[in-house]
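Below is one structure; the comments refer to it alone.
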Amino acid sequence: MEPKSTTPPPPGPVLGAPVGYPPAAVYPAAPPPGYPHAPALYAPQPPPAAVAAASQQTAAQQQQQLQVFWAEQYREIEATTDFKNHNLPLARIKKIMKADEDVRMIAAEAPVVFARACEMFILELTHRGWAHAEENKRRTLQKSDIAAAIARTEVFDFLVDIVPRDEAKDAEAAVAAGMPHPAAGMPAADMGYYYVPQQ
């Protein structure tokens, strides 16, 4: 037989007395085992300095990848001897060039040079968009990645009005700014208009 405890039970709550709410014991420090879908509330957050360092490292890595990309493009241009095979159709490029009323004659080399320039433009824009997709831990290039690459790169500023922005992000930004979302069927005040060349 064990002796009984002589310590009195803790007193009950006193009515009207301040109580720390919620008690610390209500929220565990870590998610209970067996709950892989536990909210991120329990996940330890990295310190801001670690996030900034990782961001700087990623930016430096992307910059290095771009430098390697352009060095490879330069070497490829210097080594090019075959001007007959192209990745983009020369007839279409020539048709676009002739869309300008002031253009009367086009030398045979001009569409070849434009084809290579367009190819390099597409490659760099894709490279920068891919970097954005990897930042968001995705392996699929999306239109939002291209829009982000355009927004982040100063030389692509001429495309800001051409590439459509994501409407969902615009709506979130408007709500955050305290602006009401336009009613369905009503045009937004800052709707972008696009120039479509005559065929």
Side-chain angles (χ1 to χ4, degrees), residues 45-173 188 190-199:
Q45 298 296 323
V51 172
S55 176
Q56 288 176 348
Q57 182 181 10
T58 303
Q61 203 173 30
Q62 289 173 359
Q63 188 66 26
Q64 182 182 12
Q65 288 175 348
L66 278 171
Q67 288 173 350
V68 168
F69 165 77
W70 279 111
E72 180 62 31
Q73 292 298 310
Y74 187 72
R75 277 190 296 263
E76 190 176 316
I77 289 170
E78 286 183 337
T80 301
T81 57
D82 179 21
F83 294 100
K84 299 286 184 197
N85 298 321
H86 308 284
N87 291 332
L88 299 174
L90 294 182
R92 180 69 178 143
I93 292 171
K94 194 170 183 179
K95 185 177 180 181
I96 293 169
M97 292 170 74
K98 283 189 173 182
D100 187 355
E101 297 169 355
D102 297 334
V103 176
R104 302 272 186 252
M105 301 284 286
I106 299 173
E109 303 87 19
V112 174
V113 173
F114 267 103
R116 183 64 178 138
C118 290
E119 185 181 338
M120 291 171 63
F121 171 77
I122 292 167
L123 284 171
E124 180 174 3
L125 191 53
T126 303
H127 194 82
R128 290 178 183 269
W130 180 253
H132 184 264
E134 283 185 331
E135 282 177 14
N136 292 317
K137 296 175 178 48
R138 284 185 281 107
R139 305 278 306 165
T140 303
L141 190 63
Q142 298 175 350
K143 132 180 132 169
S144 61
D145 299 320
I146 302 300
I150 289 169
R152 290 179 177 181
T153 309
E154 191 173 331
V155 294
F156 295 146
D157 281 350
F158 69 98
L159 294 172
V160 169
D161 295 332
I162 296 170
V163 175
R165 293 173 287 170
D166 190 11
E167 293 176 11
K169 289 183 181 176
D170 288 343
E172 289 176 15
D190 61 345
M191 178 194 276
Y193 294 94
Y194 308 106
Y195 173 74
V196 179
Q198 295 178 351
Q199 296 291 332

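All values below come from the heavy atoms of this structure, side chains included, with hydrogens, waters and symmetry mates left out. Throughout, numbering of the chain's residues begins at 1 and tracks the sequence.
- Residue-environment remark: CZ (F156) exceeds the threshold of 12 foreign heavy atoms within 6.0 Å.
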(Q) Using the rule given for side chain to side chain contact (heavy atoms under 4.5 Å, CB included), can you reason through W130 versus R139, listing the C-alpha separation, both sets of side-chain angles and the distance that settles it, and then say yes or no? (A) CA-CA 8 Å; W130 180 253; R139 305 278 306 165; 3.9 Å; yes
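- Contact of the D145 side chain with the Q142 side chain is registered, since non-hydrogen atoms from C-beta on lie closer than 4.5 Å.
- Atom OG of S144 and atom CZ of R138 lie 5.0 Å apart (nearest 0.5 Å).
- E135 and Q62 share a side-chain donor-acceptor pair at under 3.5 Å.
- For I150 against D157, the heavy-atom pair with the smallest separation is O-OD1, 4.4 Å.
- Between A149 and G129 the shortest heavy-atom distance is CB-N, 3.7 Å.
- Considering every non-hydrogen atom in both L90 and A115, the closest pair reads CD2-CB, 3.7 Å.
- Ring pair F121/F158 is tilted by interplanar angle, where 30° to 60° counts as tilted.
- If you take CD1 on I146 and CG on L141, they are separated by 4.5 Å, rounding to the nearest 0.5 Å.
- Every residue two or more places apart in sequence or in another chain that forms a side-chain hydrogen bond (donor to acceptor under 3.5 Å, both in side chains) with T153 is listed here: R128.
- Contact annotation: the side chain of K98 never approaches that of K95 to less than 4.5 Å [non-hydrogen atoms, C-beta and beyond].
- Rounding to the nearest 0.5 Å places CH2 of W70 at 7.5 Å from CD1 of I77.
- The distance from the NE2 atom of H127 to the CG atom of L66 is 4.5 Å, given to the nearest 0.5 Å.
- By the 4.0 Å N-to-carboxylate-O rule, E78 lies too far from R75 to be salt-bridged with it.
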Q. Checking side chain to side chain contact (heavy atoms under 4.5 Å, CB included) for the pair R152/H132: CA distance, chi angles, key distance, verdict?
A. CA-CA 10 Å; R152 290 179 177 181; H132 184 264; 3.2 Å; yes
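- Taking 4.5 Å as the limit, every side-chain heavy atom of R116 sits out of range of all side-chain heavy atoms of H86.
- Closest of all the heavy-atom pairs between M120 and F69 is O-CZ, 4.3 Å.
- I106 approaches P111 most closely through the heavy-atom pair CG2-CD, 3.8 Å.
- A donor-acceptor contact shorter than 3.5 Å is absent between the side chain of N136 and the backbone of A133.
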